[in-house]
Amino acid sequence: MASTLTKPAPPPAASAAVRRRTRVLALPEARWALAALTLFLLGLPPALLGAPAWVSGTLFAATYVTGGWEPAWEGLKALRNRTLDVDLLMVVAALGAAAIGQVLDGALLIVIFATSGALEAVATARTADSVRGLLDLAPTTATRLLPDGTEESVATGSLVIGDIVVIRPGERIGADGRVLAGASEVDQATITGEPLPVLKETGDEVFAGTLNGTGALKVEVARDASDSVIARIVRMVEEASETKAPTQLFIEKVERRYSLAMVAATPAVFLIPLAFGSDPTSSLLRAMTFMIVASPCAVVLATMPPLLSALANAGRHGVLVKSAVVMERLGQVDAVALDKTGTLTEGTPRVTTVRALAGREGGERGRDEDEGEGEGECRRGGDAYGLGGDLRGPDEDRVLALAAAAEHPSEHPLARAVVLAAHARGHRLAPAEEFGSTPGVGVTAVVDGDTVEVGAPARLLSGSEDALSVRAATVSAALEAEGHTAVLVKVNGVPAGVLGIADRLRPDATATVVALTRLTGTAPTLLTGDNPRAAARLAAEVGITDVRAGLLPQDKVAVVREQEGAGRRVLVIGDGVNDAPALAAAHTGIALGRAGSDLALETADAVIVRDELATVPTVVALSRRARTLVVQNLVVAGVFITGLVLWDLVGTLPLPLGVLGHEGSTVLVGLNGLRLLREAAWRRAAVAATG
């Protein structure tokens, strides 16, 4: 009997644009089963019509060989390793039937057994196809742009990081990368599951295997072919398929003892009726039927198909679960701890507020960047922070443009945030001269003849007590109280404005927190090294009440152990080096893959490839569904085995019917587990997670 853990034969080559699907006859199990069935059907008419015994006997003997040699060989190898294999028991039962003259019944047993093994092998191949088929979506060639502007066609496998490729309308993208020029709608359904094409413009990320729309794109290759999203999905799912979940390991341990007990009971099933005067032939048939129907094949297959199917489905949607053990454990979590920066938030500082200290109309002007394009708040005739003033100076647009020009040469993350904000507002930056940078203080540059200083308010205002300096200090303190990082802009030594910079929430952060709360019954805990005010402000936005701020890596581990000490199974979600210890200490750890540190990715049990936080509750719900199917399978297997054994012991169960019932239950539980391969299973899990 084939196992769902057995790797299928390599499928035949397919075209790059067509999903690879293993042909049934490419599998040796299917070929041998077909040969056995053909020989059996050829031998059946002579046996039923009374032809010479050697005619049907020869054909049935060939049936035994073609359908039974492989399971017999596998069973002997297992026996050499002191393991009793069900395959060997089936072949022994068939040979026993032949020994007492029931050649046709034995041949039928072999055919049914071989056909069952072939069906399981096909189901296994389809499972592998659903993941490996992703590789066929990537084209075999790409158009590479050379430094002199000419183009050449190259194999996608030869592309290296930094190459520029041209993607024309209707072509599939050959590598993971970032758009350098052009705009187009890209169909990402094969990778992300998004039903509608997504607009891709300069700076956006694209994935190998996705389909370009009507526009042309120039893409800079960001990952080697072996490290693309689809390649990583395939590799990690294949590695995970080699593992066994605790439930499976427990079942296999029980199976070994159960099989020995079953073999020991089989002689008793033969001898006891014989002692009471039963016919030897019928007693032997009863014993062989018992050995077949009592075999725990369906029980053994109850666990892995659902877990591996869920694992493959999650992989197709960008969640790389590293093992079947992890897939089973995900469904057990009842508490969640979330990192803040880079997990709940985007991890990239952005200018959220611009405050001009003295506007052209007098009084303070300010603009909240998140309020909309071209719309700012304008406070005239008074100060938002209780300080009136009649000084004139640059307005918020000029403040941002000067700050960005001065910060442009800097590599500091806050400097990049200021420059990006200025570009987003359409400002052309003047060249900066005499640029200087002081760590911990800020930068200085001459822009259009003005000396511009940008940096920490506490350092730039040190010792200043004039009205504008006091106002700048007050505005900075108010922004910091709201959870922003305040950046002061001085022009020719005079405070001109204050920028508020903050990390923005991911769009799906709130929905994810709500879904995880619903699944676990408890709101997640926020673990962060950030200051308490910023952490509390963000936690309030997403509905988290348990906030642990100012934590070092060891402090995060202590929180996780505290919760697990209270009997909780904690799921930790993070992305940075400082999250790795907590990821390792948790019952289950999930890392965000796009911006996650190498250490976090290696330590975590699962990786969210595209940083889509909303997939976390979905994969937890999918794991729970897989565990439900495991229980269903065990019940089905137990009912079949119990019913067939009782029928054989109490009544008279025909050998072919016993074989059919036993193998039918085995195939049934295997196919039941494979239901989680379907796209509908992911959608239902998403609905279950969100309620």
Side-chain angles (χ1 to χ4, degrees), residues 1-6 29 85-87 89-90 93 109 112-124 126-127 244-259 261-262 265 289-313 324 327-328 331-332 621-651 653-678 680-681 684-685 688:
M1 181 186 66
S3 167
T4 55
L5 294 178
T6 303
E29 295 92 341
D85 194 283
V86 172
D87 293 355
L89 298 181
M90 291 297 169
L109 190 160
I112 294 176
F113 186 61
T115 303
S116 171
L119 289 175
E120 291 171 18
V122 170
T124 302
R126 294 292 186 255
T127 305
K244 296 182 181 181
T247 301
Q248 176 74 8
L249 293 173
F250 173 76
I251 288 174
E252 290 182 358
K253 185 184 296 183
V254 172
E255 179 215 359
R256 287 192 290 269
R257 298 174 182 175
Y258 174 87
S259 297
M262 183 192 69
T289 303
F290 169 81
M291 184 169 63
I292 292 168
V293 300
S295 297
C297 296
V299 174
V300 174
L301 288 176
T303 301
M304 292 309 288
L307 293 175
L308 292 180
S309 297
L311 189 147
N313 201 338
M327 179 53 73
E328 184 176 35
Q332 300 171 343
L622 187 67
S623 171
R624 293 185 177 183
R625 178 61 179 158
R627 288 165 57 84
T628 299
L629 290 188
V630 168
V631 174
Q632 288 180 5
N633 284 347
L634 290 173
V635 171
V636 169
V639 168
F640 266 85
I641 290 175
T642 302
L644 292 172
V645 166
L646 289 177
W647 187 354
D648 182 57
L649 294 179
V650 177
L653 175 63
L655 178 62
L657 188 58
V659 173
L660 187 62
H662 173 268
E663 295 301 323
S665 66
T666 302
V667 173
L668 180 62
V669 298
L671 294 178
N672 187 43
L674 295 179
R675 289 163 52 197
L676 292 185
L677 275 175
R678 297 181 299 175
R684 281 195 292 268

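Values below: every heavy atom of this structure, side chains too, minus hydrogens, waters and symmetry copies. In this text, all values refer to a predicted model and were calculated from it rather than measured experimentally.
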Legend entry - Close side-chain approach of V630 to L634, heavy-atom, < 4.5 Å: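 Yes - at least one pair of side-chain heavy atoms lies under 4.5 Å apart.
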Inset, instruction - Please examine the side chains of V293 and W647, heavy atoms only from C-beta on, and report whether any two atoms are closer than 4.5 Å. - result: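 Heavy-atom side-chain distance check fails, nothing below 4.5 Å.
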Closest contact, heavy atoms only, [X] versus [Y]:
{"X": "L307", "Y": "A626", "result": "CD2-CB, 4.0 Å"}
{"X": "L653", "Y": "L644", "result": "CD2-O, 3.6 Å"}
{"X": "G673", "Y": "S309", "result": "O-OG, 3.2 Å"}
{"X": "R627", "Y": "G331", "result": "CD-CA, 4.0 Å"}

Pairs of donor and acceptor atoms involving the side chains of residues 635-643, under 3.5 Å and at least two apart or interchain, shall be tabulated with distances.
from	atom 1	to	atom 2	distance (Å)
T642	OG1	G638	O	2.7

Inset, instruction - Could you tell me which residues satisfy side chain to side chain contact (heavy atoms under 4.5 Å, CB included) with R625, sequence neighbours excluded, listed by chain and number? - result: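 Partners of R625 by the side chain to side chain contact (heavy atoms under 4.5 Å, CB included) criterion, ordered by chain and then number, come out as T628, L629, Q632, R675, L676.
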Legend entry - A680: partners by side chain to side chain contact (heavy atoms under 4.5 Å, CB included), with sequence neighbours left out: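 Result, side chain to side chain contact (heavy atoms under 4.5 Å, CB included) vs A680: R683, R684.
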Legend entry - side-chain hydrogen bond (donor to acceptor under 3.5 Å, both in side chains) against N633, all qualifying residues, sequence neighbours excluded: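 Residues passing side-chain hydrogen bond (donor to acceptor under 3.5 Å, both in side chains) with N633: N672.
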